[in-house]
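Positions are given from 1 along the sequence.
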Amino acid sequence: GTRIAALHAGWRGLAAGVIEASVKRLLCPPETLIAWLGPAIGPEAFEVGKDVLLAFGESAEAAFKPYSKTTWKADLYALATLRLKALGLTQIFGGGFCTFADKDRFYSFRRSSHQSSNTGKTGRMATLIWLSQP
C-alpha cells in the first residue's frame, strides 16, 4: 500500500465520527484497508453513564453491558469494530488489551487516579506506524 493512518479516539471521538472521517480521507475502497486496534481500556474496566450509551444509539447496544442502575460497562473495541465494519472494512485486528488492568505493560491515568496512594505519577504510551519500501 501507499497510504497509512494512525487514529486515536476515545468514546467521544468514536461517537463524533473520527473513524468515518479518516477512512474517507484515505481515498481508497474500505475493503482494501487493514485496521489494527491498539491498547485501550478494556470492557470490564470502562464504566460509563447513560450519556455515553445514548451517544452511540441502539445499533451499538451490544457493546454495552449493564453494570448498575445508572452505569454500563462499555467495550471501545466493539464500538470501533462496529464502525469499521459499517464502512466495509473486513480486515480488523488487535483489541483484547486493557490498559487499566495490565499494569505491567501499560500506563493508565484512570488506574493511577483510582489508587488510594496516588503519588502523582504520570506516564505516556506511543504507537508507531510506518511504510517501508522493499
Side-chain angles (χ1 to χ4, degrees):
T2 58
R3 295 185 175 111
I4 194 167
L7 316 179
H8 175 89
W11 76 264
R12 287 180 182 87
L14 290 174
V18 165
I19 290 175
E20 293 84 350
S22 300
V23 168
K24 183 179 177 181
R25 295 228 21 184
L26 286 171
L27 302 173
C28 55
E31 63 274 6
T32 66
L33 297 175
I34 299 170
W36 181 74
L37 305 174
I41 189 167
E44 297 304 316
F46 192 36
E47 185 177 345
V48 300
K50 191 170 187 173
D51 58 328
V52 179
L53 180 70
L54 293 174
F56 288 95
E58 289 182 25
S59 63
E61 281 184 7
F64 294 88
K65 290 181 186 172
Y67 184 64
S68 74
K69 289 183 178 183
T70 59
T71 63
W72 289 259
K73 294 288 184 149
D75 186 340
L76 287 175
Y77 292 123
L79 290 168
T81 298
L82 285 169
R83 299 265 169 149
L84 291 164
K85 286 182 176 181
L87 293 169
L89 277 81
T90 58
Q91 299 182 81
I92 304 167
F93 304 95
F97 293 106
C98 180
T99 55
F100 187 89
D102 192 344
K103 64 181 179 180
D104 293 331
R105 286 202 280 179
F106 303 112
Y107 166 76
S108 169
F109 175 79
R110 282 184 183 92
R111 182 180 59 242
S112 176
S113 64
H114 280 79
Q115 294 173 342
S116 59
S117 61
N118 186 353
T119 61
K121 265 177 89 171
T122 187
R124 298 288 183 260
M125 292 187 291
T127 298
L128 303 174
I129 186 169
W130 65 90
L131 289 171
S132 61
Q133 300 298 320

Novice: Let me confirm one number: the CH2-CZ distance from W72 to F46, rounded to the nearest 0.5 Å.
Specialist: 13.5 Å

Novice: L53, Y67: one ILVMFWY side-chain cluster at the under-4.5 Å cut-off?
Specialist: no

Novice: Test W11 against D51 for side-chain contact (heavy atoms from CB on, under 4.5 Å), laying out the working first.
Specialist: CA-CA 11 Å; W11 76 264; D51 58 328; 4.2 Å; yes

Novice: If you compare all heavy atoms of A35 against all heavy atoms of L89, which two are closest, and at what distance to 0.1 Å?
Specialist: CB-CD2, 3.9 Å

Novice: Can you see which heavy atom on L82 is nearest to which on A60, and at what distance?
Specialist: CD1-CA, 3.9 Å

Novice: Whether K73 and E44 form a salt bridge (side-chain N of Lys/Arg under 4.0 Å from carboxylate O of Asp/Glu) is what I want to check.
Specialist: no

Novice: Can you tell me how far CG of L84 sits from CG of L37, rounded to the nearest 0.5 angstrom?
Specialist: 6.5 Å

Novice: Take I19 and L14 through the side-chain contact (heavy atoms from CB on, under 4.5 Å) test and state the conclusion after the steps.
Specialist: CA-CA 7 Å; I19 290 175; L14 290 174; 3.4 Å; yes

Novice: Using the rule given for side-chain contact (heavy atoms from CB on, under 4.5 Å), can you reason through F56 versus R83, listing the C-alpha separation, both sets of side-chain angles and the distance that settles it, and then say yes or no?
Specialist: CA-CA 10 Å; F56 288 95; R83 299 265 169 149; 3.5 Å; yes

Novice: Give, for atom OG1 of T81 and atom CG of L76, the distance between the pair rounded to the nearest 0.5 Å.
Specialist: 10.5 Å

Novice: Supply the atom-to-atom distance F64 CZ to L54 CG, rounded to the nearest 0.5 angstrom.
Specialist: 9.0 Å

Novice: How about E31: does its CD atom have over 12 heavy atoms from other parts shown lying under 6.0 Å from it?
Specialist: yes

Novice: To the nearest 0.5 angstrom, please state how far the OG1 atom of T32 sits from the CZ atom of R3.
Specialist: 8.5 Å

Novice: When clusters are formed by joining ILVMFWY residues with side-chain heavy atoms under 4.5 Å apart, either directly or through shared neighbours, do W36 and V23 land in the same one?
Specialist: yes

Novice: Taking Y77 for its side chain and G38 for its backbone only, find out whether a donor-acceptor pair lies under 3.5 Å.
Specialist: yes

Novice: What is the minimum heavy-atom distance between T99 and S108, and which atoms define it?
Specialist: O-CB, 3.3 Å

Novice: Kindly give the heavy-atom pair with the smallest separation between F100 and I41, and that separation in Å.
Specialist: CB-CG1, 3.8 Å

Novice: As an exercise, state the distance from OG1 of T90 to NZ of K85, rounded to the nearest 0.5 Å.
Specialist: 9.5 Å

Novice: Can you name the closest pair of heavy atoms from F97 and P39 and give their distance?
Specialist: CB-CA, 4.0 Å

Novice: Closest approach of A63 and A78, non-hydrogen atoms and distance?
Specialist: CB-CB, 3.8 Å

Novice: Going through the checks in order, is the side-chain contact (heavy atoms from CB on, under 4.5 Å) test met by F93 and I34?
Specialist: CA-CA 8 Å; F93 304 95; I34 299 170; 3.8 Å; yes

